Number of protein chains: 2
Amino acid sequence: MTKKTGPGGGIDLSQFLPYRIAVLARSLSEKLGAAYAGEGLTVPEWRVLAVVSQESAVAARDVVARTPMDKMAVSRAVASLEKKGLVARRPASDRRVSAIELSQEGRRISRRVADIVLRFEADIVAELTIAERDAFLTLLAKLENAADRAETRRKAIRAAE
Amino acid sequence: MTKKTGPGGGIDLSQFLPYRIAVLARSLSEKLGAAYAGEGLTVPEWRVLAVVSQESAVAARDVVARTPMDKMAVSRAVASLEKKGLVARRPASDRRVSAIELSQEGRRISRRVADIVLRFEADIVAELTIAERDAFLTLLAKLENAADRAETRRKAIRAAE
DNA sequence: TCAAAATGGTAACATATGTTACCAACTGGG
DNA sequence: CCCAGTTGGTAACATATGTTACCATTTTGA
(Lines give C-alpha, C1' and ligand atoms only; values in the text may rest on other atoms or scores of the structure.)
Protein backbone atom coordinates (compact mmCIF):
# COMPACT_ATOMS: atom_id res chain seq x y z
CA MET A 1 0.00 0.00 0.00
CA THR A 2 1.29 3.42 -0.91
CA LYS A 3 2.26 5.79 1.85
CA LYS A 4 -0.34 8.49 2.34
CA THR A 5 0.66 9.98 5.65
CA GLY A 6 3.72 12.05 6.36
CA PRO A 7 5.74 12.96 9.45
CA GLY A 8 3.15 15.34 10.82
CA GLY A 9 0.48 12.65 10.60
CA GLY A 10 -1.16 14.60 7.80
CA ILE A 11 -2.14 13.41 4.40
CA ASP A 12 -0.03 13.31 1.27
CA LEU A 13 -2.21 14.99 -1.29
CA SER A 14 -0.09 13.79 -4.19
CA GLN A 15 -1.11 10.22 -3.39
CA PHE A 16 -4.74 11.01 -2.80
CA LEU A 17 -6.97 9.92 -5.63
CA PRO A 18 -9.80 12.47 -5.51
CA TYR A 19 -7.24 15.22 -5.29
CA ARG A 20 -5.29 13.91 -8.27
CA ILE A 21 -8.47 13.80 -10.30
CA ALA A 22 -9.39 17.32 -9.24
CA VAL A 23 -5.99 18.59 -10.31
CA LEU A 24 -6.17 16.91 -13.70
CA ALA A 25 -9.71 18.15 -14.24
CA ARG A 26 -8.76 21.70 -13.46
CA SER A 27 -5.74 21.56 -15.70
CA LEU A 28 -7.74 20.16 -18.60
CA SER A 29 -10.54 22.62 -18.21
CA GLU A 30 -8.13 25.55 -18.02
CA LYS A 31 -6.28 24.50 -21.12
CA LEU A 32 -9.44 23.69 -22.99
CA GLY A 33 -10.95 26.99 -21.98
CA ALA A 34 -7.88 28.77 -23.29
CA ALA A 35 -8.22 26.88 -26.56
CA TYR A 36 -11.67 28.29 -27.24
CA ALA A 37 -11.36 31.54 -25.35
CA GLY A 38 -11.26 33.29 -28.71
CA GLU A 39 -14.90 32.42 -29.27
CA GLY A 40 -15.87 34.24 -26.10
CA LEU A 41 -17.69 31.37 -24.45
CA THR A 42 -17.65 30.32 -20.81
CA VAL A 43 -17.72 26.67 -19.86
CA PRO A 44 -21.42 26.61 -18.89
CA GLU A 45 -22.30 28.41 -22.12
CA TRP A 46 -20.37 25.92 -24.15
CA ARG A 47 -22.08 23.05 -22.37
CA VAL A 48 -25.48 24.44 -23.18
CA LEU A 49 -24.50 24.89 -26.81
CA ALA A 50 -23.22 21.33 -26.92
CA VAL A 51 -26.48 19.90 -25.61
CA VAL A 52 -28.69 22.07 -27.78
CA SER A 53 -26.67 21.34 -30.90
CA GLN A 54 -27.34 17.67 -30.35
CA GLU A 55 -31.08 17.86 -30.26
CA SER A 56 -32.20 20.94 -32.18
CA ALA A 57 -34.62 22.11 -29.49
CA VAL A 58 -34.51 21.37 -25.79
CA ALA A 59 -35.88 22.72 -22.55
CA ALA A 60 -33.59 24.02 -19.85
CA ARG A 61 -34.49 21.03 -17.69
CA ASP A 62 -33.01 18.74 -20.35
CA VAL A 63 -29.74 20.58 -20.13
CA VAL A 64 -29.88 20.13 -16.38
CA ALA A 65 -30.45 16.42 -16.84
CA ARG A 66 -27.55 15.98 -19.26
CA THR A 67 -24.90 18.08 -17.55
CA PRO A 68 -23.59 18.57 -14.03
CA MET A 69 -25.13 22.03 -13.82
CA ASP A 70 -28.02 23.02 -11.60
CA LYS A 71 -30.97 24.88 -13.01
CA MET A 72 -29.70 28.26 -11.93
CA ALA A 73 -26.43 27.76 -13.79
CA VAL A 74 -28.33 26.72 -16.89
CA SER A 75 -30.68 29.64 -16.60
CA ARG A 76 -27.77 32.06 -16.49
CA ALA A 77 -25.90 30.44 -19.34
CA VAL A 78 -28.98 30.45 -21.56
CA ALA A 79 -29.70 34.08 -20.72
CA SER A 80 -26.23 35.16 -21.71
CA LEU A 81 -26.24 33.04 -24.86
CA GLU A 82 -29.51 34.69 -25.80
CA LYS A 83 -28.04 38.12 -25.24
CA LYS A 84 -25.17 37.16 -27.55
CA GLY A 85 -27.67 36.00 -30.12
CA LEU A 86 -26.46 32.40 -30.17
CA VAL A 87 -29.70 30.82 -29.03
CA ALA A 88 -33.36 31.81 -29.06
CA ARG A 89 -36.12 30.86 -26.66
CA ARG A 90 -39.52 30.06 -28.10
CA PRO A 91 -42.62 29.46 -26.02
CA ALA A 92 -43.69 25.82 -25.76
CA SER A 93 -47.07 24.23 -25.16
CA ASP A 94 -46.22 23.82 -21.50
CA ARG A 95 -46.01 27.49 -20.73
CA ARG A 96 -43.55 27.07 -17.87
CA VAL A 97 -40.82 26.06 -20.28
CA SER A 98 -39.34 27.58 -23.38
CA ALA A 99 -37.71 25.67 -26.19
CA ILE A 100 -34.09 26.61 -26.66
CA GLU A 101 -32.71 26.49 -30.16
CA LEU A 102 -29.57 27.58 -31.92
CA SER A 103 -29.45 30.62 -34.16
CA GLN A 104 -27.44 30.53 -37.36
CA GLU A 105 -24.58 32.19 -35.56
CA GLY A 106 -25.00 29.79 -32.67
CA ARG A 107 -24.68 26.85 -35.01
CA ARG A 108 -21.58 28.36 -36.55
CA ILE A 109 -19.85 28.98 -33.23
CA SER A 110 -20.93 25.65 -31.89
CA ARG A 111 -19.35 23.88 -34.84
CA ARG A 112 -16.14 25.81 -34.53
CA VAL A 113 -15.79 25.14 -30.83
CA ALA A 114 -16.61 21.48 -31.36
CA ASP A 115 -13.75 21.34 -33.86
CA ILE A 116 -11.38 22.96 -31.42
CA VAL A 117 -12.18 20.81 -28.44
CA LEU A 118 -12.27 17.58 -30.41
CA ARG A 119 -8.88 18.41 -31.85
CA PHE A 120 -7.60 19.09 -28.36
CA GLU A 121 -8.96 15.82 -27.07
CA ALA A 122 -7.60 13.88 -30.02
CA ASP A 123 -4.23 15.41 -29.39
CA ILE A 124 -4.28 14.18 -25.81
CA VAL A 125 -5.81 10.80 -26.44
CA ALA A 126 -3.21 10.21 -29.12
CA GLU A 127 -0.72 9.65 -26.33
CA LEU A 128 -2.70 6.67 -25.08
CA THR A 129 -3.20 3.35 -26.77
CA ILE A 130 -6.74 2.36 -27.65
CA ALA A 131 -6.69 -0.16 -24.84
CA GLU A 132 -5.55 2.47 -22.36
CA ARG A 133 -8.24 4.86 -23.42
CA ASP A 134 -10.94 2.22 -23.07
CA ALA A 135 -9.57 1.15 -19.72
CA PHE A 136 -9.58 4.73 -18.54
CA LEU A 137 -13.18 5.33 -19.55
CA THR A 138 -14.24 2.12 -17.86
CA LEU A 139 -12.46 3.10 -14.68
CA LEU A 140 -14.03 6.54 -14.77
CA ALA A 141 -17.46 4.97 -14.89
CA LYS A 142 -16.56 2.61 -12.08
CA LEU A 143 -15.37 5.46 -9.91
CA GLU A 144 -18.52 7.47 -10.59
CA ASN A 145 -20.60 4.59 -9.31
CA ALA A 146 -18.28 3.93 -6.42
CA ALA A 147 -18.52 7.57 -5.36
CA ASP A 148 -22.30 7.44 -5.43
CA ARG A 149 -22.36 4.31 -3.34
CA ALA A 150 -19.82 5.65 -0.87
CA GLU A 151 -21.91 8.78 -0.45
CA THR A 152 -25.05 6.77 0.12
CA ARG A 153 -23.34 4.63 2.72
CA ARG A 154 -21.92 7.67 4.50
CA LYS A 155 -25.34 9.27 4.71
CA ALA A 156 -26.89 6.08 6.01
CA ILE A 157 -24.27 5.87 8.72
CA ARG A 158 -24.77 9.47 9.78
CA ALA A 159 -28.54 9.03 9.84
CA ALA A 160 -28.20 6.02 12.11
CA GLU A 161 -26.12 7.90 14.66
CA MET B 1 -13.60 4.89 -32.76
CA THR B 2 -16.49 5.96 -30.58
CA LYS B 3 -19.09 8.28 -32.02
CA LYS B 4 -18.73 11.80 -30.68
CA THR B 5 -20.96 13.80 -32.95
CA GLY B 6 -24.71 13.69 -33.08
CA PRO B 7 -27.40 14.63 -35.60
CA GLY B 8 -26.96 18.36 -35.19
CA GLY B 9 -23.25 18.09 -35.89
CA GLY B 10 -22.58 18.96 -32.27
CA ILE B 11 -20.50 17.10 -29.78
CA ASP B 12 -21.59 14.28 -27.52
CA LEU B 13 -20.38 15.41 -24.13
CA SER B 14 -20.89 12.00 -22.59
CA GLN B 15 -18.15 10.62 -24.83
CA PHE B 16 -15.81 13.53 -24.35
CA LEU B 17 -12.92 12.71 -22.08
CA PRO B 18 -12.14 16.08 -20.46
CA TYR B 19 -15.81 16.50 -19.75
CA ARG B 20 -16.10 13.08 -18.16
CA ILE B 21 -13.14 13.86 -15.95
CA ALA B 22 -14.61 17.21 -14.97
CA VAL B 23 -17.87 15.56 -14.00
CA LEU B 24 -16.19 12.92 -11.90
CA ALA B 25 -13.97 15.48 -10.23
CA ARG B 26 -16.91 17.67 -9.31
CA SER B 27 -18.86 14.74 -7.99
CA LEU B 28 -15.98 13.55 -5.85
CA SER B 29 -15.21 16.97 -4.50
CA GLU B 30 -18.84 17.61 -3.64
CA LYS B 31 -19.21 14.33 -1.81
CA LEU B 32 -15.91 14.70 -0.08
CA GLY B 33 -16.75 18.24 0.91
CA ALA B 34 -20.02 17.01 2.38
CA ALA B 35 -18.12 14.38 4.34
CA TYR B 36 -16.04 16.95 6.19
CA ALA B 37 -18.49 19.83 6.09
CA GLY B 38 -19.01 19.31 9.79
CA GLU B 39 -15.48 20.53 10.49
CA GLY B 40 -16.29 23.85 8.81
CA LEU B 41 -13.45 23.80 6.31
CA THR B 42 -13.50 24.87 2.68
CA VAL B 43 -11.52 22.97 0.09
CA PRO B 44 -8.69 25.52 -0.14
CA GLU B 45 -8.46 25.65 3.63
CA TRP B 46 -8.23 21.90 3.85
CA ARG B 47 -5.54 21.85 1.20
CA VAL B 48 -3.46 24.32 3.14
CA LEU B 49 -3.88 22.29 6.30
CA ALA B 50 -2.87 19.15 4.45
CA VAL B 51 0.33 20.72 3.18
CA VAL B 52 1.25 22.36 6.46
CA SER B 53 0.56 19.22 8.45
CA GLN B 54 3.11 17.43 6.30
CA GLU B 55 5.99 19.74 6.94
CA SER B 56 5.45 21.46 10.27
CA ALA B 57 6.28 24.94 8.94
CA VAL B 58 5.99 26.19 5.39
CA ALA B 59 5.78 29.44 3.49
CA ALA B 60 2.72 30.30 1.45
CA ARG B 61 4.78 29.90 -1.71
CA ASP B 62 5.37 26.25 -0.80
CA VAL B 63 1.65 25.69 -0.64
CA VAL B 64 1.37 27.30 -4.04
CA ALA B 65 4.04 24.96 -5.37
CA ARG B 66 2.36 21.84 -4.00
CA THR B 67 -1.26 22.54 -4.89
CA PRO B 68 -3.18 23.85 -7.87
CA MET B 69 -3.96 27.12 -6.11
CA ASP B 70 -2.57 30.51 -7.02
CA LYS B 71 -1.01 32.72 -4.41
CA MET B 72 -4.15 34.76 -3.89
CA ALA B 73 -6.17 31.65 -3.09
CA VAL B 74 -3.53 30.52 -0.64
CA SER B 75 -3.36 33.94 0.96
CA ARG B 76 -7.09 33.91 1.55
CA ALA B 77 -7.19 30.39 2.88
CA VAL B 78 -4.36 31.08 5.30
CA ALA B 79 -5.99 34.29 6.46
CA SER B 80 -9.22 32.54 7.26
CA LEU B 81 -7.47 29.61 8.92
CA GLU B 82 -5.63 32.11 11.06
CA LYS B 83 -8.87 33.81 12.00
CA LYS B 84 -10.23 30.42 13.05
CA GLY B 85 -7.13 29.82 15.10
CA LEU B 86 -6.05 26.73 13.19
CA VAL B 87 -2.73 28.11 11.98
CA ALA B 88 -0.35 30.86 13.11
CA ARG B 89 2.01 32.95 11.03
CA ARG B 90 5.45 33.67 12.43
CA PRO B 91 7.95 36.05 10.85
CA ALA B 92 10.82 34.40 9.04
CA SER B 93 14.36 35.53 8.28
CA ASP B 94 13.30 36.56 4.80
CA ARG B 95 10.94 39.28 5.86
CA ARG B 96 8.70 38.95 2.83
CA VAL B 97 7.47 35.56 3.97
CA SER B 98 5.93 34.22 7.14
CA ALA B 99 6.19 30.67 8.35
CA ILE B 100 2.81 29.00 8.61
CA GLU B 101 2.36 26.43 11.34
CA LEU B 102 -0.49 24.49 12.84
CA SER B 103 -1.94 25.34 16.23
CA GLN B 104 -2.99 22.57 18.58
CA GLU B 105 -6.54 22.90 17.37
CA GLY B 106 -5.30 22.95 13.80
CA ARG B 107 -3.48 19.70 14.32
CA ARG B 108 -6.56 18.17 15.86
CA ILE B 109 -8.87 19.20 13.02
CA SER B 110 -6.33 18.27 10.43
CA ARG B 111 -6.08 14.76 11.83
CA ARG B 112 -9.82 14.34 11.97
CA VAL B 113 -10.34 15.49 8.40
CA ALA B 114 -7.49 13.29 7.22
CA ASP B 115 -9.28 10.35 8.79
CA ILE B 116 -12.52 11.23 7.11
CA VAL B 117 -11.16 11.73 3.63
CA LEU B 118 -8.90 8.69 3.78
CA ARG B 119 -11.84 6.58 4.83
CA PHE B 120 -13.85 8.00 1.95
CA GLU B 121 -11.10 7.25 -0.52
CA ALA B 122 -10.57 3.77 0.83
CA ASP B 123 -14.26 3.14 0.47
CA ILE B 124 -14.11 4.10 -3.19
CA VAL B 125 -10.85 2.46 -4.04
CA ALA B 126 -12.14 -0.75 -2.48
CA GLU B 127 -14.29 -1.18 -5.56
CA LEU B 128 -11.20 -1.39 -7.76
CA THR B 129 -8.61 -4.11 -7.87
CA ILE B 130 -5.05 -3.18 -7.01
CA ALA B 131 -4.15 -3.49 -10.66
CA GLU B 132 -6.98 -1.21 -11.68
CA ARG B 133 -6.00 1.38 -9.14
CA ASP B 134 -2.39 1.37 -10.30
CA ALA B 135 -3.45 1.53 -13.92
CA PHE B 136 -5.69 4.47 -13.16
CA LEU B 137 -2.97 6.42 -11.39
CA THR B 138 -0.58 5.74 -14.23
CA LEU B 139 -3.09 6.94 -16.78
CA LEU B 140 -3.79 10.04 -14.73
CA ALA B 141 -0.12 10.92 -14.81
CA LYS B 142 0.04 10.24 -18.52
CA LEU B 143 -2.91 12.49 -19.18
CA GLU B 144 -1.42 15.28 -17.09
CA ASN B 145 1.68 15.21 -19.24
CA ALA B 146 -0.31 14.87 -22.43
CA ALA B 147 -2.37 17.91 -21.51
CA ASP B 148 0.74 19.96 -20.88
CA ARG B 149 2.23 18.95 -24.19
CA ALA B 150 -0.99 19.58 -26.08
CA GLU B 151 -1.18 23.04 -24.55
CA THR B 152 2.41 23.79 -25.49
CA ARG B 153 1.82 22.68 -29.06
CA ARG B 154 -1.35 24.71 -29.34
CA LYS B 155 0.42 27.84 -28.16
CA ALA B 156 3.28 27.26 -30.58
CA ILE B 157 0.83 26.95 -33.45
CA ARG B 158 -1.02 30.11 -32.50
CA ALA B 159 2.23 32.01 -32.14
CA ALA B 160 3.29 30.94 -35.61
CA GLU B 161 0.10 32.20 -37.23
C1' DT C 1 27.24 49.43 -4.62
C1' DC C 2 23.26 50.42 -6.10
C1' DA C 3 19.59 50.51 -9.72
C1' DA C 4 16.82 47.15 -12.23
C1' DA C 5 14.50 42.96 -12.04
C1' DA C 6 12.44 39.26 -9.40
C1' DT C 7 9.78 37.44 -5.45
C1' DG C 8 6.21 36.95 -1.68
C1' DG C 9 2.25 38.62 -0.44
C1' DT C 10 -2.14 41.52 -0.19
C1' DA C 11 -5.83 45.12 -1.35
C1' DA C 12 -9.47 46.32 -4.18
C1' DC C 13 -11.83 45.56 -7.53
C1' DA C 14 -14.77 42.51 -11.15
C1' DT C 15 -16.96 38.22 -12.22
C1' DA C 16 -18.79 33.75 -11.26
C1' DT C 17 -21.10 30.50 -8.44
C1' DG C 18 -24.08 28.88 -4.81
C1' DT C 19 -28.46 29.63 -1.92
C1' DT C 20 -32.91 30.79 -0.67
C1' DA C 21 -37.04 32.03 -1.64
C1' DC C 22 -40.39 32.80 -4.70
C1' DC C 23 -43.88 32.85 -8.73
C1' DA C 24 -46.41 30.98 -12.43
C1' DA C 25 -47.89 26.96 -14.65
C1' DC C 26 -49.04 22.13 -14.51
C1' DT C 27 -50.75 17.51 -12.30
C1' DG C 28 -53.19 14.18 -9.67
C1' DG C 29 -56.30 12.58 -6.15
C1' DG C 30 -60.50 13.44 -3.86
C1' DC D 1 -63.88 20.66 -10.40
C1' DC D 2 -60.36 22.31 -7.21
C1' DC D 3 -56.79 22.61 -4.28
C1' DA D 4 -52.46 20.41 -2.34
C1' DG D 5 -48.36 19.24 -4.20
C1' DT D 6 -44.95 19.32 -7.98
C1' DT D 7 -42.25 21.33 -11.62
C1' DG D 8 -39.68 24.84 -14.55
C1' DG D 9 -37.61 28.84 -14.08
C1' DT D 10 -35.79 33.34 -12.12
C1' DA D 11 -34.73 37.27 -8.76
C1' DA D 12 -32.00 38.76 -5.11
C1' DC D 13 -29.10 38.04 -2.22
C1' DA D 14 -24.39 35.92 -0.12
C1' DT D 15 -20.03 33.85 -0.90
C1' DA D 16 -16.18 32.41 -3.64
C1' DT D 17 -12.94 32.99 -7.21
C1' DG D 18 -10.26 35.42 -10.63
C1' DT D 19 -7.64 39.80 -12.00
C1' DT D 20 -4.90 43.73 -11.75
C1' DA D 21 -2.17 46.47 -9.57
C1' DC D 22 0.59 47.46 -5.98
C1' DC D 23 4.09 47.48 -1.89
C1' DA D 24 7.97 45.81 0.64
C1' DT D 25 11.66 43.03 0.42
C1' DT D 26 15.46 40.50 -1.70
C1' DT D 27 18.52 39.23 -5.48
C1' DT D 28 21.23 40.16 -9.46
C1' DG D 29 24.63 41.95 -12.26
C1' DA D 30 26.93 46.02 -14.54
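Nothing here was measured: the structure is a model prediction, and the numbers come from that model. Sequence lines set the chain letters: A, B, ... in the order given, protein chains first and strands last, and positions in each chain run from 1. Keep in mind that the numbers below use all heavy atoms, side chains included, and drop hydrogens, waters and symmetry copies.
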Residue pair A/Val97/B/Thr42 against DNA chain D: nearer the 5' end by closest nucleotide is A/Val97
Using the closest heavy atom to pick a nucleotide of DNA chain C for each, name whichever of A/Lys71 or B/Val64 lands nearer the 5' end.
B/Val64
5'-most to 3'-most nt of DNA chain D touching chain A (<4.0 Å, heavy-atom partner on protein side) reads D/dT7 to D/dG18
Nearest heavy-atom approach of A/Arg47 to B/Leu13 is O-CD1, 4.2 Å
Please confirm whether the backbone N or O of B/Tyr36 pairs with a side-chain atom of B/Glu39, one donor and one acceptor, at under 3.5 Å?
no
From CZ of B/Arg61 over to C1' of C/dT7, roughly how many Å is that when rounded to an integer?
9 Å
So B/Phe136 and A/Phe136, would you call those rings parallel, tilted or perpendicular, with 30° and 60° as cut-offs?
parallel
Does a side chain donor of either B/Lys71 or B/Ser75 reach within less than 3.5 Å of an acceptor in the other side chain?
no
For B/Met72 and A/Arg95, take the nucleotide of DNA chain C holding the closest heavy atom to each; which residue's nucleotide lies nearer the 5' end?
B/Met72
Pairing donors with acceptors under 3.5 angstrom, does anything connect the side chains of A/Ser27 and B/Glu144?
no
Heavy-atom donor-acceptor pair, A/Asp134 side chain to A/Ala131 backbone, under 3.5 Å:
no
Scan A/Ser93 against the nucleic acid and name what it touches under 4.0 Å (heavy atoms): base, sugar-phosphate only, or nothing.
sugar-phosphate
Closest to the 5' end of DNA chain D, once B/Asp94 and A/Asp94 are matched to their nearest nucleotides, is A/Asp94
